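All remarks here apply to the structure that follows.
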2 protein chains.
Amino acid sequence: MLEVKTTESAPGIPAEGLSIAEAARRTGVSAHTLRYYERVGLVVTTVGRTAGGRRRYHRLDLEWIKVCTKLRATGMPIRTIRRYADLVSAGRGNEQERLDLLESHRAEVRARLAEVRRNLELIDHKIDVYRGRLAAGDADRLWAPTPDPGPAPE
Amino acid sequence: MLEVKTTESAPGIPAEGLSIAEAARRTGVSAHTLRYYERVGLVVTTVGRTAGGRRRYHRLDLEWIKVCTKLRATGMPIRTIRRYADLVSAGRGNEQERLDLLESHRAEVRARLAEVRRNLELIDHKIDVYRGRLAAGDADRLWAPTPDPGPAPE
DNA sequence: TCTTGACTTCGAGCATGCTCTAAATCCTAG
DNA sequence: CTAGGATTTAGAGCATGCTCGAAGTCAAGA
């Protein structure tokens, strides 16, 4: 007991690394997309290769890819992630730029969130109206063009 | 005073309707996109035409287009808006379907919002870390691959 | 009337982000 | 050793949502 598995470097990652299929499973992106991310310069780590040329993913590779997917999930375009990746691989000296990039993205995301929330209110309102009118049984009048300057129908 | 402008039907909409350029300005979508929306079946109202074939937008047209832009702004795909538009133009009898569509979309939007918020936390964290390290002057160690099972670098 | 400039339709083109195919190679179980 | 599945590359293809171009029509002022 209390034995240290020397063949593993992390939660189940063997020392020789993971196949692309395993990496895909663990990161939640397809193998196709993993290769694509690498091709377009998103991957800042140097993914290892077997003698035969197959990719071998290690902990840092997976970590970085997860960062990418989170950035993507907040809507950061590939091109911007690449810029960030370029800054990161350029190494020390551009930390302010990285920070600027992240802060500017955060501002955009927050703005988008706010906008979506605002527009969601319309949907909430329409749902309320439909529910109310369905319950009241007079759903017929919904969006049947009304005379003129009157209030818009729902 | 207190004169009623009989040539206008709403906040500045003349009785003969607005040109596509004006409609574009007021709805915030380009004239190209207005035509596109019409082409793909998003527009439930029948936009009027002049004798010469030019579109004339009236209040309800603009209202509906604004509804479309709000649905788009929450990420509803064109195809779904079209389905909604079809339900609306089909008239009475499908209110439950419209409600279902809206509720299902709302659920998706809420889920997306939650996910974005979650992923935004990573960005917040990275920003904090960069700020802290920049302030501390040891920014050099950011994302320089660390030995091994240790904590991921930022 | 003539000249602009706005508008029309139809269809092509474009940006984004994957997603898939083909043909070759690798690797592992039997 | 061999069969068969996984992986490789380069490049094509696809879905979405616009966006633009061409060629022709319309309309309003000089």
Side-chain angles (χ1 to χ4, degrees), chain A residues 14 16-43 46-58 61 65 67-85 105 108-109 112 115-116 119, chain B residues 14 16-43 46-58 61 65 67-85 105 108-109 112 115-116 119:
Chain A
E16 63 292 2
L18 302 172
S19 71
I20 195 168
E22 253 309 290
R25 212 186 50 70
R26 300 209 192 188
T27 57
V29 313
S30 73
H32 280 307
T33 301
L34 281 179
R35 294 191 201 98
Y36 167 71
Y37 280 0
E38 212 175 302
R39 258 199 292 167
V40 300
L42 256 55
V43 184
T46 302
V47 177
R49 297 285 178 133
T50 66
R54 268 96 198 275
R55 291 177 182 77
R56 305 270 66 175
Y57 290 84
H58 295 87
D61 303 320
I65 287 157
V67 168
C68 290
T69 63
K70 280 158 202 272
L71 294 176
R72 284 291 302 125
T74 58
M76 185 183 284
I78 296 288
R79 154 179 0 93
T80 307
I81 303 182
R82 179 168 48 217
R83 213 143 53 71
Y84 183 62
H105 177 64
E108 282 168 28
V109 175
R112 276 199 298 106
E115 208 214 319
V116 170
N119 288 305
Chain B
E16 65 288 7
L18 302 172
S19 71
I20 195 169
E22 252 310 288
R25 211 185 52 71
R26 299 208 191 189
T27 56
V29 313
S30 73
H32 279 307
T33 302
L34 281 178
R35 293 191 201 99
Y36 167 70
Y37 280 179
E38 212 174 302
R39 258 200 291 168
V40 299
L42 257 54
V43 184
T46 302
V47 176
R49 298 285 178 132
T50 65
R54 269 94 197 277
R55 289 176 182 78
R56 305 268 69 177
Y57 291 84
H58 294 88
D61 303 320
I65 287 157
V67 168
C68 290
T69 64
K70 280 158 202 273
L71 294 176
R72 284 292 300 122
T74 58
M76 184 182 285
I78 296 287
R79 156 181 357 94
T80 308
I81 303 182
R82 180 168 47 218
R83 213 145 51 73
Y84 183 62
H105 176 64
E108 283 168 26
V109 175
R112 278 199 298 106
E115 208 213 321
V116 171
N119 289 305

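Just so we're on the same page: letters track the sequence lines, and every chain starts at 1. Since the structure is predicted, the reported quantities are computational estimates derived from the model, not experimental observations.
For Glu108(A), the side-chain hydrogen bond (donor to acceptor under 3.5 Å, both in side chains) test picks out no residue, with sequence neighbours left out.
Distance, Tyr57(A) OH to dA6(D) C1': 13 Å, rounded to whole Å. Atom-to-atom, OH of Tyr36(A) to P of dA15(C) comes out at 14 Å; the value is rounded to the nearest Å. Rounded to whole Å, the distance from CZ on Arg35(B) to C1' on dA22(D) is 13 Å. Here the C1' atom of nucleotide dC14(D) and the NE2 atom of His32(A) are 13 Å apart, to the nearest Å. We find that CZ of Arg49(B) is positioned 16 Å from P of dT25(D), with the value rounded to whole Å. What separates CD of Glu38(B) from P of dG17(D) is a distance of 18 Å, to the nearest Å. In this structure, CD of Glu16(B) is placed 13 Å from P of dA27(D), rounded to the nearest angstrom. Between Tyr37(A) atom OH and dT8(D) atom C1' the separation is 20 Å, expressed in whole Å.
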So which protein N/O to nucleotides 27-30 of chain C N/O distances come out below 3.5 Å?
from    : atom 1 : to       : atom 2 : distance (Å)
dC27(C) : OP1    : Thr50(A) : OG1    : 3.0
dC27(C) : OP1    : Gly52(A) : N      : 3.4

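Side-chain contact check for Ile78(B) versus Arg72(B): some heavy-atom pair is nearer than 4.5 Å. Taking the side chain as every heavy atom from C-beta outward, Arg49(A) and Arg55(A) approach each other to under 4.5 Å. Looking at Tyr84(A) and Thr80(A), their side chains never come closer than 4.5 Å, going by heavy atoms from C-beta outward.
Glu115(B) has no carboxylate O lying under 4.0 Å from a charged side-chain N of Arg112(B), or vice versa, which leaves the two without a salt bridge. Under 4.0 Å is where a charged nitrogen must lie from a carboxylate oxygen, and between Arg35(B) and Glu38(B) no such pair does.
Ser19(A) comes within 4.0 angstrom of sugar-phosphate atoms only, judged by non-hydrogen atoms across all strands, and of no base. As judged by a 4.0 angstrom heavy-atom cut-off over every strand, Arg39(B) is placed among the base-contacting residues.
No donor-acceptor pair under 3.5 Å is formed between the side chain of Arg54(B) and the backbone N or O of Ser19(B).
When each of dT8(C), dC18(D), dT7(D) is scored by its nearest atom to the side-chain atoms of Ile20(B), the top-ranked nucleotide is dT8(C).
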